[in-house]
Amino acid sequence: MFDIRAIRNNPDIFDKGWARRGLSPQTSEILGLDEKRRSLQTSLQELQARRNDESKKIGEIKKDGGDATGQMQAVSIIKNDIAKMEEEERKIGNDLTTLLSSLPNILGDDVPDGADEEDNKEVHRWGDVKRPSGPDHVDIGEALGLIDFETAAKMSGARFTLLKGDMARMERALSQFFLDTHTQEHGYTEMSVPLLVRDNALYGTGQLPKFAEDLFKDHEMGHWMIPTSEVPLTNIVAEMIVDEEELPMRFTAFTPCFRSEAGSAGKDTRGMLRQHQFYKVEMVGVTTPDKSEDEHERMLTCAETVLKKLDLPFRTVVLCSGDTGFGARKTYDIEVWLPGQETYREISSVSNCWDFQARRMNARCRAKGEKDTRFVHTLNGSGVAVGRALIAVIENYYDPSDGGVFVPEVLKPYMGGLEKIVKG
RNA sequence: GGAGAGAUGGCAGAGUGGUUGAAUGCACCGGUCUUGAAAACCGGCAUGGGUUUACGCCCAUCCAGGGUUCGAAUCCCUGUCUCUCCGCCA
């Protein structure tokens, strides 16, 4: 959502911003609606003032025991006009809101222009690629008898996975390791959050109204399954005015994520890279407006740290204008090396949403002693996707001599000291 | 699933159709007093929007959305949330 006054004052900035996302100019339509609405509002309020005035007089006349029939009829007529005008005003207001809420965030100046992921700019690379190529997690996992797509498909269809034994345990170990690192070393507060949310929560973070088809919904109760715990974690501050002393707030959660993958038919169909359901440890930050860029860099470091501790080679890119998501002002993706694909694949996405979500959620902050409030800035980042981390470990820690998978050093404490996953 | 109670300003808590945007207390801000502080006393203190060069004026908001009425915090309907009791249940 956007500040209509800012659009009034600097329409060019917004049109140029949206042009970077490939959109045609929007502000003339926005401002046309805005002007219409305001002039309607003004005349509506004049009528309301007259109605209030007359009604007050009727009250006085009646109190004195007089006859107010004439005045009552007069107000009755005004009332009809008000009703008509209210409806028109509401309609235009809705049109305006619908238009504004379907427009993406304005990109940061430091976001490179580009059409798609080909144009993302690499920021840096980390780690030695010890296994440039090799079997993928499907071959390794199935040979070990610990990853089973067929059985999962039997009960749930495509894009689901069944993990067994030490493979299931390693998934759990990864999530524990991520959570512990973020809570104990990075200052995040662990949250256990609702996985089903209502429309308004998804509107707040920007998934609705535009991206309903990407989500699973329970039509009976009206709940949506979260596509990421960014939704519940960010909505913690919805409708709140927080003291600026309490900022930054840093939340983390380990949750399943549910995605319909409606637009990605045929994409990444092999293996467990793209599933309808996967686990993720998420980080969310809430800051004052002046601190979000620093927080963004910090959050990126937090996500990179867990990959470094796992000794997984990765590269970090800043997404170009065409690849940056709807609600983000700027996004870093961390891509981990997958020997099975001989390429880097996304394992984390770290975004600064600026005040975009805060406006939609009405999440504000106030400095001590101040009267005025400001919208907070919100950030979110995967820290990191557990399923994809598991893939990365399987493929990078593969031992061709026996088909096993070494357990990364930092995961051993979470796996009872196990050194290696082997065929059982 | 059944029965009932409730939602009012930062908080507590009045108000059941006519100057109620809302008593009172607490908190908060300013002042008087004091060497200083406390106490006491005096004054101020909701939010969003429209309009205005400005002072200001106006509109909306007592959980949300509809309705009744000349007029709604107050009456009616729907939804959301909270609480109590019964049933069921991880």
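Residue numbers start from 1 in every chain, and the chains themselves are labelled A, B, ... in the order their sequence lines are given, proteins ahead of strands. Because only heavy atoms are used, hydrogens play no part in the values below, and waters and symmetry mates are left out as well, while side chains stay in. Small disclaimer: the values here were computed from a predicted structure and weren't measured.
- Between A:Glu60 and A:Arg5, it is A:Glu60 whose nearest contact on RNA chain B lies nearer the 5' terminus.
- Ring centroids of A:Phe356 and A:His377 are separated by 6.0 Å or more, keeping the two rings apart.
- Ring orientation note: the planes of A:Phe2 and A:Phe14 are nearly perpendicular, at an angle over 60° on the 30°/60° scale.
- With sequence neighbours excluded, no residue forms a salt bridge (Lys or Arg N to Asp or Glu O under 4.0 Å) with A:Asp180.
- A salt bridge links A:Asp34 with A:Arg8: at least one charged nitrogen is closer than 4.0 Å to a carboxylate oxygen.
- Rounded to a whole angstrom, the distance from the P atom of B:G79 to that of B:G2 is 12 Å.
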Atom pairs under 3.5 Å, N or O on each side, protein against nucleotides 9-12 of chain B: can you list them with distances?
none

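- Mapped onto RNA chain B by nearest heavy atom, A:Arg198 and A:Ser39 fall at different nucleotides, with A:Ser39 at the one closer to the 5' end.
- Rounded to whole Å, the C1' atom of B:A14 lies 15 Å from the corresponding atom of B:A7.
- Aromatic pair A:Tyr398/A:His137: ring centres not closer than 6.0 Å.
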- Message: Protein within reach of the bases, or only the backbone? For nucleotides 56-72 of chain B, mark each nucleotide 5' to 3' as B, S or -, using heavy atoms under 4.0 Å.
- Response: --BBS-----S--BBS-
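- Taking atom P on both nucleotides, B:G56 is separated from B:G17 by 36 Å, rounded to a whole Å.
- By the ring-ring contact (aromatic ring centres under 6.0 Å, His included) test, A:Tyr279 pairs with A:Phe254, sequence neighbours left out.
- For the pair A:Arg360 and A:Tyr203, the distance from NZ or CZ to the six-membered ring centre is under 6.0 Å and the angle to the ring normal is within 45 degrees.
- The environment of CD in A:Glu35 is sparse: at most 12 heavy-atom neighbours from other residues, nucleotides or ligands sit within 6.0 Å.
- A gap of 42 Å separates the P atoms of B:G50 and B:C41, to the nearest Å.
- Consecutive Watson-Crick or G-U pairing (both distances under 3.5 Å) extending over three or more pairs maps onto RNA chain B as B:1-7 with B:80-86, B:10-12 with B:24-26, B:28-32 with B:40-44, B:46-51 with B:56-61, B:63-67 with B:75-79.
- To the nearest whole angstrom, the two C1' atoms, one in B:C28 and one in B:A64, are 30 Å apart.
- Spacing of C1' atoms, B:C75 relative to B:C81, comes out at 23 Å, to the nearest Å.
- Within the structure, every pair that satisfies the side-chain hydrogen bond (donor to acceptor under 3.5 Å, both in side chains) test and touches residues 153-169 of chain A, not counting sequence neighbours, is listed here: A:Thr161-A:Gln275.
- Residue A:Ser349 is tested with A:Asn380, A:Thr324, A:Val384, A:Thr331 for a side-chain contact (heavy atoms from CB on, under 4.5 Å); the sole match is A:Thr331.
- At a threshold of 4.0 Å, the pair A:Asp113-A:Arg20 counts as salt-bridged, since one of the basic side-chain nitrogens sits closer than that to a carboxylate oxygen.
- Rounded to whole Å, the distance from CD1 on A:Ile92 to C1' on B:G50 is 15 Å.
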